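Note that this is a predicted model, so its numbers are computed, not measured. The first residue of the sequence shown is numbered 1, and numbering continues consecutively from there.
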Amino acid sequence: MCMSFIRTNVAGGVGEIVLDRPKALNALDPSMIRDLYEPLLRWRDDPAVETVLVTSGSERAFCAGGDIKAVREAVLRGDREFVHGFFADEYRLNLLIGEYPKPYISLIDGAAMGGGLGISVHGSVRVVTERAVLAMPETAIGFFPDVGASHFLPRLTGAAGMYLGLTGARVSAGDAVAFGLATHFVPSERLAELADAIRGGSAAEALEKFGEQAPEAPLAARQAEIDEVFAQGTPADMLARLTGDDEWTTQARTALTAVSPTAAFVTAELIRRGADDELSRCLDRELALTGAVTVGPDFAEGVRAVLVDKDRNPSWSPSSLAEVDREAIAALFA
């Protein structure tokens, strides 16, 4: 019998999913993606389920993302079927959540990265605590923000989505609410009470009772600067605008210089195209890109540097934003 990293329960009109792969910080492997999809599909048309609640069995993370090391291993052995199947199944799950006809509530306490946002941000309610850390860090591994990020990133305030998608900057609870990644803030010490209240009655009343004003949002306080730098142009243009020596500018410049140049250009184009498209089309476009991007040199190298050898010293090809062939980027979207 195969072990499942997903626990489910239905009681009092609430279908609950508990992510339970703590040793991997709930990173989504193919079995988890499948085991998430099946009950959600079943509950969608089940009158006994009025609300979906997604929680974590890990004290450190909601979901640290997809099991991208497994994808790299498949790429290296030439198993394109696995690669396509992994992303196709994950994006099918993201679309199901994005189009869910019932309240879908995620309680985010700890890390929610990449695929972790794919199973939360598309839902109607995203609760964060002061321990929440959200990010789309894919450009650092030679990939692009996927799981429908090309739909939700351009819908954040101003150019925040472009900034977060390109740099992989980590977002605190206050910024998550201010930018639009989260809808509610509840202190971690009260999260269990909130979950019990949702299980026992009206989710709306529970959120009203336990929700509090979000903490300070240091990144959102720099919204004007983010918009000035990241609203227009190519990633190379954006880098050229980061000329100050204050902490935020220095961090943004360092991040944009460190990520895969190719991935940065792909990401910028994806976010621009996603601004006017529905979620299903954004996911289709992302899926079409996964094949070419994962077999490019930067993906295997980026995952190696960040998740395998962990030396944080990738060798990108090309090595700088100025060297990126824009015609080659355009060809990926043809």
Side-chain angles (χ1 to χ4, degrees), residues 28 33 36-37 40-41 44 52 54 62-63 65-66 68 84 86-106 108 112-126 128 134-139 141 143-169 171 175-183 220 226-227 230-232 235 263-294 329 332-334:
L28 301 172
I33 293 169
L36 276 164
Y37 184 84
L40 286 174
L41 184 64
R44 184 183 61 183
V52 170
V54 184
F62 174 76
C63 174
I68 208 70
H84 179 82
F86 179 91
F87 290 116
D89 287 349
E90 186 175 22
Y91 298 173
R92 181 182 67 160
L93 172 63
N94 302 144
L95 183 61
L96 176 63
I97 295 169
E99 297 180 343
Y100 217 68
K102 302 175 182 181
Y104 180 103
I105 305 171
S106 301
I108 302 172
M113 309 282 185
L117 296 188
I119 61 170
S120 57
V121 172
H122 296 301
S124 52
V125 177
R126 293 91 65 190
V128 290
L134 286 66
M136 293 299 296
E138 287 76 12
T139 53
I141 59 168
F143 198 53
F144 54 86
D146 63 331
V147 297
S150 60
H151 183 266
F152 68 74
L153 286 177
R155 286 161 177 78
L156 303 184
T157 59
M162 185 68 77
Y163 160 61
L164 297 178
L166 288 175
T167 67
V171 176
D175 284 312
V177 173
F179 285 149
L181 286 170
T183 58
I226 290 172
D227 293 349
F230 289 95
Q232 298 179 1
F265 270 80
V266 170
T267 296
E269 185 64 20
L270 261 178
I271 292 173
R272 290 206 177 91
R273 292 185 180 226
D276 298 318
D277 283 341
E278 59 188 17
L279 176 59
S280 61
R281 185 165 183 177
C282 288
L283 288 166
D284 286 344
R285 183 181 295 122
E286 291 173 14
L287 183 60
L289 281 169
T290 58
V293 172
T294 55
I329 299 299
L332 292 174
F333 290 86

Could you state the interatomic distance from [atom1] ([X]) to [atom2] ([Y]), rounded to the nearest 0.5 Å?
X      : Y      : atom1 : atom2 : result
Leu153 : Ile271 : CG    : CD1   : 5.0 Å
Leu181 : Leu156 : CG    : CG    : 5.0 Å
Leu36  : Leu41  : CG    : CG    : 12.5 Å
Cys282 : Asp146 : SG    : CG    : 12.0 Å
Met136 : Thr267 : CE    : OG1   : 9.0 Å
Leu40  : Ile119 : CG    : CD1   : 9.5 Å

For the pair Glu286 and Leu270, evaluate side-chain contact (heavy atoms from CB on, under 4.5 Å) and give the outcome as yes or no after the intermediate values.
CA-CA 8 Å; Glu286 291 173 14; Leu270 261 178; 4.2 Å; yes
Run the salt bridge (charged side-chain N to carboxylate O under 4.0 Å, His left out) test against Asp277 and tell me which residues pass, sequence neighbours left out.
Arg281, Arg285
Using salt bridge (charged side-chain N to carboxylate O under 4.0 Å, His left out) as the criterion, list what pairs up with Arg92, not counting sequence neighbours.
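Applying salt bridge (charged side-chain N to carboxylate O under 4.0 Å, His left out) to Arg92 gives none.
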Ring centres under 6.0 Å, that's the criterion: do Phe143 and Phe87 meet it?
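Yes, they do, as the ring centres are separated by less than 6.0 Å.
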Counting N and O atoms only, with roles assigned by atom type, does the side chain of [X] sit under 3.5 Å from a partner on the main chain of [Y], one being a donor and the other an acceptor?
X      : Y      : value
Arg155 : Ala275 : yes
Thr139 : Leu166 : yes
Glu269 : Phe333 : no
Arg126 : Ile108 : no
Asn94  : Gly118 : yes

So, do [X] and [Y] sit near enough that their side-chain heavy atoms are less than 4.5 Å apart?
X      : Y      : result
Val147 : Tyr91  : yes
Thr290 : Leu287 : yes
Phe62  : Leu134 : no

To check you understand the geometry: which heavy-atom pair defines the closest contact between Met162 and Arg272, and what is its length?
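Between these two residues, the closest heavy atoms are CE-CG, 4.0 Å.
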Nearest atoms (heavy-atom pairs only) where Gly148 meets Leu279:
CA-CD1, 4.0 Å
Under the side chain to side chain contact (heavy atoms under 4.5 Å, CB included) rule, collect the residues that match up with Ala159, sequence neighbours excluded.
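Checked Ala159 against side chain to side chain contact (heavy atoms under 4.5 Å, CB included); matches are Ile226, Asp227, Phe230, Ala231.
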